[in-house]
Peer 1: 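The structure follows.
Convention: sequence-line order gives letters A, B, ...; per-chain numbering from 1. Computed over heavy atoms, backbone and side chain alike; hydrogens, waters and symmetry mates excluded.
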Amino acid sequence: MQVLFEGNSVELDAKATGFDLIKKLNLPKSVIALYINEKPSDLRGIIPENASIRPIHIESPEGTEILRHSTAHIMADAVKRIFGNNVKITIGPSIEDGFYYDFDIDKPFEPSDLEKIEEEMKKIIKENLPFVREEISYENAKELFSKMGENYKLEIIEEYKDAVISIYKHGNFTDLCRGPHLPSTGYVKAFKLLSAAGAYWRGDEKNKMLQRIYGTAFPTKEMLEEYLKKLEEAKRRDHRRLGTALDLYSTTDEVGGGLIIWHPRGGFVRTQIENYWREQHFKRGYSIVYSPHIGRADLWKTSGHLDFYKENMYSPMDIDNFEYYVKPMNCPFHIQIYKSKTRSYKDLPLRYAELGTVYRYERSGVLHGLLRVRGFTQDDAHIFCTPEQLKDEVMGVVQFAVDLFRTFGFENYEAYLATRPDKAVGDPSKWEEATNSLREAAEKMNIKLNVEEKGGAFYGPKIDLKIKDSLGREWQCTTVQFDFNLPERFDISYIGTDNQKHRPYTVHRALLGSMERFFGILIEHYAGAFPVWLSPEQVIILPVSEKFNEYARKVNSVLLDNGFRSVLDIRNEKLSYKIREAELLKIPYMAVVGEKEASSNTVSVRTRGKEDLGSMPVETFINKLSESSRIPL
RNA sequence: GCCGAUGUAGCUCAGCAGGUAGAGCAACUGAUUCGUAAUCAGUAGGUCACCGGUUCGAAUCCGGUCGUCGGCUCCA
């Protein structure tokens, strides 16, 4: 029979399998599966006549996914072998960077169990058992899995009543599975189990808590090593570790979980960010406003927060027999500013920005360093504009965000458009119009949009930007949200050219997201080594011995006079010790002063991370500092 | 919130099976006056997260509370 392999016709025996094709064409062993008529398939399967075929290499994303999925099966087999029938298997997909498998088991896994399971997996891999696919009917599948007592599988089968149900076996292990899989267990060359954790069946907390084991697998040992190294690197950059080591911020249970205490060094970085932020907002036509931390229940009733957002709000407090709530958002206050007088179309657009501190209830289990907290300062703004102005405003916001990212060292980002969910307020045609404005704005700016259908909030569509940090991880910062809800609820308006009242369009936006979260991202992005303009200290003066303290003081005050953040280390310690400490604090410049420097009015400059720039006159150093401390635009 | 792990000096951690705590670094004092990632010696520092229980006796065992860490959408 004839088949097409990558467009070329190949002659095969009838009932030939993928293996036969590989043999015939002498394909490398890295081919572990095939696209047969665009459907991922096992090598073991029989190829239909006239099939169009492409190889799947193990290193390709699809190939690695198959590898991980097969490794998940091997892990499930190992767990069954060790824990016997006390375990019920559920699902075990490949995920980004690895795989997991969820088990229903009485006793949660302990760290030592993972080692045992890994050992058993190695045995299974050594046995090189073939993965064999079988297609069976719904009834047979039901019988099979009920005999096995795998009731989770039975539940899944119900969803595939009318489809072809496939099972995969290797050795004595059988799993309901769409496939495809590796030819045999021996193809797994590098894997590692990473952690165990609880996870609800189908992710729903009303369901039973299962026990999940996470692991990963790679085509080669080297790739696995590289991945593990990346995990190490992420740990090294962890903002929680650096936050303590660099004395940036802390949390304490005396204050409460998810509440950040900013130390002087962290506070400095924040001040720099905020100052720059304000300056940029003025430049771009925003007004800076301030609003209180609490507001009366009526306000939150009108805004709808008490209807739609109450579970994230803290309990009210009683003030003179009125209920007040701590604010979870700034919008109602900004709307009040808008409402404080009659607005004309000539006033629009109005852009109110505030570094507004809000408090939201987050479940204790999701709190995470600076990234997920209960009290945080949003770099918030609300834009009130006419429908005609909307697109330009959105473009302005997106451009603003992109410019800010660049300043903070983030060159790459992804944009996501979220459209109307099923439950939403506002006229669908207006949604359409607003969504299109967002889309057109992105198009005009040449920004590729990933669309999340029905992903919008109930009150309007939005564009989110996620930045990519130096390790390639994505972090959501910017959100530009259209709002149909609040203008209605607060009944705000402007007088148009026709002398009639019109409803303004309202856009919420945050660029950096929150100061806390963005700071956390920044710490990890720079691994704590902030650029000179953000660094709490820019220079540390290190006298070689106490004899040169006086000269060190002189240099220090010259630098301070020139507006640089310079500190002195005149402790009675050896130079190398002071250098070590300055390096650990990641101070960008170290200025060493000794005999030679004192007599020639120079400093010996060393930069963070070892580079010795040698001696230079203080004037030269000042020029160098001015240059390197400039804010990147 | 749920599952699991965990909470010992400012930091990193030890403390095996219950007998009232220990190291390194940091801090302080002294000596050393030093040239690019840790000089030496000494001193001080902890109601072992908190509350309760078992016990003659609890950092250690049990229960509760709080915090922290890894997870809890990714469809066989």
Peer 1: Pick the P atom in B:rG57 and in B:rC69, then give their distance to the nearest Å.
Peer 2: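 Going atom to atom, P in each nucleotide, I get 37 Å.
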Peer 1: Are A:Phe131 and A:His170 near enough that their ring centres are under 6.0 Å apart?
Peer 2: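 Centroid separation for A:Phe131 and A:His170: below 6.0 Å.
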Peer 1: Considering only the P atoms, how many Å lie between B:rC2 and B:rU54, rounded to the nearest integer?
Peer 2: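 Roughly 27 Å separates the two P atoms.
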Peer 1: Rounding to the closest angstrom, what is the interatomic distance between B:rU8 and B:rG45 at atom C1'?
Peer 2: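 It works out to 14 Å between them.
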Peer 1: Please state how far atom CD1 in A:Ile157 lies from atom P in B:rC75, giving the value in whole angstrom units.
Peer 2: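 A:Ile157 atom CD1 is separated from B:rC75 atom P by 18 Å.
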Peer 1: What integer number of Å spans the P atoms of B:rG7 and B:rC50?
Peer 2: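 About 13 Å, rounded to a whole number of Å.
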Peer 1: Taking the same atom, C1', in B:rG63 and in B:rA44, what whole-Å distance lies between them?
Peer 2: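 Result for the C1' pair: 37 Å, nearest Å.
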Peer 1: Using the P atoms only, state how far B:rA17 lies from B:rU55, rounded to an integer number of Å.
Peer 2: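 So the two P atoms sit 22 Å from each other.
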Peer 1: Suppose you measure atom P in B:rA23 against the same atom in B:rU43; what distance do you get, rounded to whole Å?
Peer 2: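 Between the two P atoms, the distance is 11 Å.
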Peer 1: In whole angstrom, what separates A:Phe103's CZ from B:rG4's C1'?
Peer 2: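 These atoms are roughly 16 Å apart.
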Peer 1: Without decimals, in angstroms, what is the distance between A:Glu65 CD and B:rC75 C1'?
Peer 2: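 Atom CD in A:Glu65 sits about 13 Å away from atom C1' in B:rC75.
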Peer 1: May I ask which nucleotide in the shown strands pairs with B:rG1, Watson-Crick or G-U wobble, both distances under 3.5 Å?
Peer 2: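 B:rC72 - that is the nucleotide pairing with B:rG1, both distances being under 3.5 Å.
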Peer 1: Does A:Arg571 reach a base, just sugar-phosphate, or nothing at all? Heavy atoms under 4.0 Å.
Peer 2: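 Result for A:Arg571 = sugar-phosphate.
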Peer 1: What is the distance, rounded to the nearest whole Å, between atom OH of A:Tyr551 and atom P of B:rC34?
Peer 2: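 The answer, rounded to whole Å, is 18 Å.
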Peer 1: Could you identify the nucleotide paired to B:rU33, looking across every strand shown and requiring Watson-Crick or G-U wobble geometry with both distances under 3.5 Å?
Peer 2: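 Base partner found: none.
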Peer 1: Considering all heavy atoms of both residues, which atom of A:Ala552 and which atom of A:Val593 are nearest to each other, and what is their separation?
Peer 2: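 Closest approach of A:Ala552 to A:Val593, heavy atoms only: CB-CG2, 3.8 Å.
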Peer 1: Rounded to whole angstroms, how far apart are CH2 on A:Trp201 and P on B:rU73?
Peer 2: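 Answer to the nearest Å: 13 Å.
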Peer 1: Taking CZ from A:Arg202 and P from B:rC74, how many angstroms apart are they, rounded to a whole number?
Peer 2: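 Value for this atom pair: 9 Å.
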Peer 1: Aromatic rings A:Phe218 and A:Tyr227: how do their planes relate, parallel, tilted or perpendicular, breaks at 30° and 60°?
Peer 2: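 It falls in the tilted class, 30° to 60°.
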Peer 1: Heavy-atom count check: over 12 atoms from other residues, nucleotides or ligands less than 6.0 Å from A:Asp204 CG?
Peer 2: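 Atom CG in A:Asp204 is crowded, with more than 12 foreign heavy atoms closer than 6.0 Å.
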Peer 1: List the protein contact pattern of nucleotides 61-72 of chain B with one symbol per nucleotide (5' to 3'): B for base contact, S for sugar-phosphate-only contact, - for none; contact means a heavy-atom distance under 4.0 Å.
Peer 2: -----SSSSBBB
Peer 1: Test side chain to side chain contact (heavy atoms under 4.5 Å, CB included) on A:Leu367 and A:Val373; report intermediate values, then the result.
Peer 2: CA-CA 6 Å; A:Leu367 299 177; A:Val373 293; 5.6 Å; no
Peer 1: Tell which nucleotide pairs with B:rG42, taking only Watson-Crick or G-U wobble pairs whose two distances are both under 3.5 angstrom.
Peer 2: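 Answer to the pairing question: B:rC28, which forms a Watson-Crick or G-U pair with B:rG42.
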Peer 1: Expressed as a whole number of Å, how far does the P atom of B:rA27 sit from that of B:rC11?
Peer 2: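 Straight-line distance between the two P atoms is 14 Å.
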Peer 1: Send over the distance from A:Glu362 CD to B:rC2 P, rounded to a whole Å.
Peer 2: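 After rounding, the gap between these two atoms is 17 Å.
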Peer 1: Any strand counts, and the cut-off is 3.5 Å on both contacts for Watson-Crick or G-U wobble. Which nucleotide pairs with B:rG67?
Peer 2: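 Answer to the pairing question: B:rU6, which forms a Watson-Crick or G-U pair with B:rG67.
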Peer 1: Would you call A:Arg202-A:Glu159 a salt bridge at under 4.0 Å N-O?
Peer 2: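 Looking at A:Glu159 together with A:Arg202, the answer is yes, because their closest N to O distance falls below 4.0 Å.
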Peer 1: Please name the nucleotide paired to B:rC13 by Watson-Crick or G-U wobble geometry with both distances under 3.5 Å, or report none.
Peer 2: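 Per the H-bond distance test, B:rG22.
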Peer 1: Pairing check on B:rG57: which nucleotide meets the Watson-Crick or G-U wobble criteria with it, both distances under 3.5 Å?
Peer 2: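 Because no pair has both required distances under 3.5 Å, B:rG57 counts as unpaired.
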Peer 1: Can you give the donor-acceptor pairs under 3.5 Å from side chains of residues 87-94 of chain A to other protein atoms, not counting sequence neighbours?
Peer 2:
| from | atom 1 | to | atom 2 | distance (Å) |
| --- | --- | --- | --- | --- |
| A:Lys88 | NZ | A:Gly149 | O | 3.3 |
| A:Thr90 | OG1 | A:Asp102 | O | 2.6 |

Peer 1: Flag the pair A:Phe145 / A:Tyr152 as yes when their ring centroid distance falls below 6.0 Å, and as no otherwise.
Peer 2: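 No: the rings miss the under 6.0 Å criterion.
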Peer 1: Assert yes or no for the condition that the ring centre distance of A:Phe308 to A:Phe458 is strictly below 6.0 Å.
Peer 2: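 They qualify: ring centres under 6.0 Å apart.
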Peer 1: Does the protein touch nucleotides 35-46 of chain B at the base, only the backbone, or not at all? Give it as B, S and - per nucleotide, heavy atoms under 4.0 Å.
Peer 2: BBBBB-------
Peer 1: To the nearest angstrom, how far is A:Asn207 atom CG from B:rC3 atom P?
Peer 2: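 After rounding, the gap between these two atoms is 15 Å.
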Peer 1: Where does the angle between the aromatic ring planes of A:Phe519 and A:Phe530 fall among parallel (under 30°), tilted (30 to 60°) and perpendicular (over 60°)?
Peer 2: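 Because their plane-to-plane angle is under 30°, the rings of A:Phe519 and A:Phe530 count as parallel.
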Peer 1: Base, sugar-phosphate, or nothing for A:Tyr100, non-hydrogen atoms under 4.0 angstrom?
Peer 2: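 Contact class for A:Tyr100: sugar-phosphate only.
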Peer 1: Is it the case that more than 12 heavy atoms not belonging to A:Lys466 sit under 6.0 Å from its NZ atom?
Peer 2: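 Yes, because the 6.0 Å sphere around NZ of A:Lys466 holds more than 12 heavy atoms from other groups.
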Peer 1: If you assign A:Glu546 and A:Pro108 each to the RNA chain B nucleotide with the nearest heavy atom, which residue ends up on the more 5' nucleotide?
Peer 2: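 Nearer the 5' end of the strand: A:Pro108.
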